[in-house]
Amino acid sequence: MAGNPLNLRSETHMSNRYVYDFDAPPELSHAELTRLLGGKGANLAVMANELRLPVPPGFTITTVASTHFLEGQWPDGLDDELRDHIERLGERVGHRFGDPEDPLLVSVRSGAAVSMPGMMDTILDLGLSQASVAGLAAATGDAAFADDCLRRLREGYRTVIGTDALPDDPWQQLRAAIEAVFRSWNSERARAYRRREQISDDLGTAVTVQAMVFGNRGANSGTGVLFTRNPSTGEPTPYGDVMFDAQGEDVVAGGQQPQPIAVLEQRLPDVAAELHRHAATLEQHVADLCDIEFTIEEGRLWLLQVRAGKRSPRAALRIAIDMADDPSMACSRAEAVERVAAHLAHPPRIFVRALGVPAPLARGLPASPGVATGVIATSSDAAETVAESGRSVILVRSETSPDDVRGMSRAAGVLTARGGLASHAAVVARGWGIPAVVGAAGVRPGVDSVEIEGTVIAAGEELTIDGSTGEVFAGRLEGSDEVAPEAAILLAWAQELGIEPRVEQRTDDSSAPADAGPTALPLEGTASRDDLLRGLLIKGAATPEQLAESRLVAPDGLAGVVEALSAEALVESRDGSLRLSAEGKLRGLDLMAADRAQIGDEASAALLEAFHRFDTRMKQIVTAWQVREVAGAQAINDHADAAYDAGVLDDLAALHAETAAWLSPTADVLHRFATYASRLERALELARGGDQRFVASPRVDSYHGVWFELHEDLIRLAGRRRSDEAAAGRA
């Protein structure tokens, strides 16, 4: 990247300075400062100087330095600047970098011009070593604290730098950390995030180096994140988490359970009051929802950074209205409309019940929000038939299996008697974006009717489910579908101001284009007759393309085998899908029995039992991907918090590694299990590459979809039925 890559004023670029203290930034507009110092560095400069907030001192290495490094050269003079600024930082805080008696410790963090939370690397407690840990223990009078900081540094260094060898030389640590942050700009997850958010790859990242303040100094210390308003609802009340005796990475790592921010008022009321005062100052200054990271060290509050908070569409609408109506906020109605214009192109809608709605027949778990009315179908075949006739359908099942995906894909809503928020029905319904109520114990589906708490309703009669409340009603629920009131207000403002809402380019289901398909694995060759019979037994039904993808072969490689199986009346084609005939199912079951005989009944049962511990974690991970806890209640994850999503994907990757190792010996004997491993690997790679569909969407060969087929295969291999597993609480 030659010349002046950030288009900054020439005197700034020609100065060849790469490092600026928080309290001595260059004289630039805020937009220019953000391009040079990144959002974090620019905001810290404002907090430290203009607003005089309690910010730990530090400095920022510019984005220009990172672009030079990524072009293949360490910037000339950067080492000298770093030494000058580290020495000045040490003088300010009263510790010296590398001093074995009383070492200065720093954090090294990324800071792009456009916020990319959680996408790049961070190292805390840098500057400590085995040689100086005793000095820190003596200086603080707390050996356990010093050992904890060294442990954290080693773990962070291992994760970010990729080596277990922590250098004793703090300058070597600092250089390696800065290089790692620079490199993380081009990490797979950062590039995927930029593609999704349409952020230029040319901006580069700044690096902030900041004196450590320690939330792990005991009961009166802690760390947390505060949103100035509820990011899910827009309610103008503080929202966030605090974790006592912890450092910042603990909040996002998931190893400990944070507490609601309200706990801070009970435990450290003076700190809570100060935090809320500073939060109000920041929100008024930026006239937007603020996401504030803070640390408390032995009762003293420090603010580490602020950025505009991610928020749900409904929250964005409410916040825009509230701020435009608040004379203390520098936000006009025109600015409010422009801020949320993308959400107004397809305004959110709500179902408003009419007065006098009858009591629900039953209640289950609210698995996927929305209200749906349709005629009852108790099988996927029936659901498809009803949908083909042009009528809305509610699929009612005891629990769902892979074969039910085709019925769910045509249904307006799903109701199950068994299962929880992590059940197959719940996950797939959320993937389709259709309402679902699960675990309604009073529901008993039959062949041609459904009994609900003693009331028998025939298949073909109407039923209404509310996936937001878990309620089930007989007949059609009277009410109206209306534009959400916040959207109605802003649309009226937009019309009055002559502002045209923009069309949102990205769909909710995927960050990838609608026609984007999976890559990463070659599809070639063919599959055997037995492989296809097993595959269709597991899947229930599949298009030729879906079946080929699940066998990792090209569609034309299956044509001859499918033809032969059809000629023998083992495979049928209906509505573009292939499925086994009654005779084909018997052949498939015979093949499973032969496999079971090959490895033994005990080994088959042991495989299924061992799988359950992985499956429990898988359900938790996929549920965390689709649903988050907000203010003590479950809410659909809108994927606005990239750091949260990255943490879930990290959990999925860890589970994948363990499952792949566990599955490998079985794949050596029954080779189709190697195909599952390859499909799971592909889905994980595509999900981590930015295509959200490949976690749990039923529209593609997603990780959850493949996982569910693997579970079904293990159930069949053990000679059991999914209904048996469901009754035991394991399906």
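Nothing here was measured: the structure is a model prediction, and the numbers come from that model.
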Residues at least two apart in sequence or cross-chain that pass side chain to side chain contact (heavy atoms under 4.5 Å, CB included) with Asp84, listed by chain then number, are none
(request) Could you tell me whether the side chain of Thr223 and the main chain of Phe244 form a donor-acceptor pair under 3.5 Å? (result) no
Hey, does Leu282 have a side-chain heavy atom less than 4.5 Å from the side chain of Thr228? no
Interatomic distance, CZ@Arg35 vs CG@Leu203, rounded to 0.5 Å, equals 9.0 Å
(message) Can you confirm if the NZ or CZ of Arg217 lies within 45° of the ring axis of Phe145 and under 6.0 Å from the centre of its six-membered ring?
(response) yes
**Study point:** Arg229 NZ/CZ over Phe227 ring centroid, <6.0 Å and within 45° of normal
**Key:** no
Note to self: Checking the side chain of Asn43 only, and the main-chain atoms of Val306 only, is there a donor and an acceptor separated by less than 3.5 Å?
What the structure shows: yes
Query raised in the report: Salt-bridged, Arg96 to Asp102, with N to O below 4.0 Å?
Result: no
Pair Glu293 + Lys40, salt bridge at N-O below 4.0 Å
no
Here the gap from Asp288 atom CG to Glu335 atom CD, rounded to the nearest 0.5 Å, amounts to 11.0 Å
Exercise for the section: Could you verify whether a donor N or O on one side chain and an acceptor N or O on the other, from Glu274 and His278, lie under 3.5 Å apart? Expected result: yes
Take the angle between the ring planes of Tyr18 and His68 and call it parallel below 30°, perpendicular above 60°, tilted in between. perpendicular
Practice problem: Without swapping roles, check the side chain of Asn49 against the backbone of Ala45 for a donor-acceptor pair under 3.5 Å. | Solution: yes
Scanning both residues in full, the closest heavy-atom pair of Thr60 with Ala206 reads CG2-CB, 3.8 Å
Rounded to the nearest 0.5 Å, the CE atom of Met212 sits from the CG atom of Leu128 at a distance of 10.0 Å
Residue pair Thr140 / Asp142, side-chain donor-acceptor N/O under 3.5 Å = no
Counting only N and O atoms by type, is there a donor-acceptor contact under 3.5 Å from the side chain of Asn220 to the main-chain atoms of Glu298? no
Just checking, is any N or O donor in the side chain of Asn637 or Asp645 under 3.5 Å from an acceptor N or O on the other one? yes
- Message: Is it the case that the side chains of Trp74 and Asp79 hold a donor-acceptor pair, with the cut-off being a distance below 3.5 Å and no angle test?
- Response: yes
Hits for side-chain hydrogen bond (donor to acceptor under 3.5 Å, both in side chains) against Asp125, two or more places apart or cross-chain, chain-then-number order -> Gln247
- Item | Side-chain donor-acceptor pair present, His656, Tyr703, cut-off under 3.5 Å | yes
Taken to the nearest 0.5 Å, the spacing of Glu179 CD from Ser184 OG works out to 12.0 Å
Given the options Arg158, Arg152, Arg151, Glu155 meets salt bridge (Lys or Arg N to Asp or Glu O under 4.0 Å) only with Arg151
Between Ser66 and Trp185, is there a side-chain heavy-atom distance shorter than 4.5 Å?
no
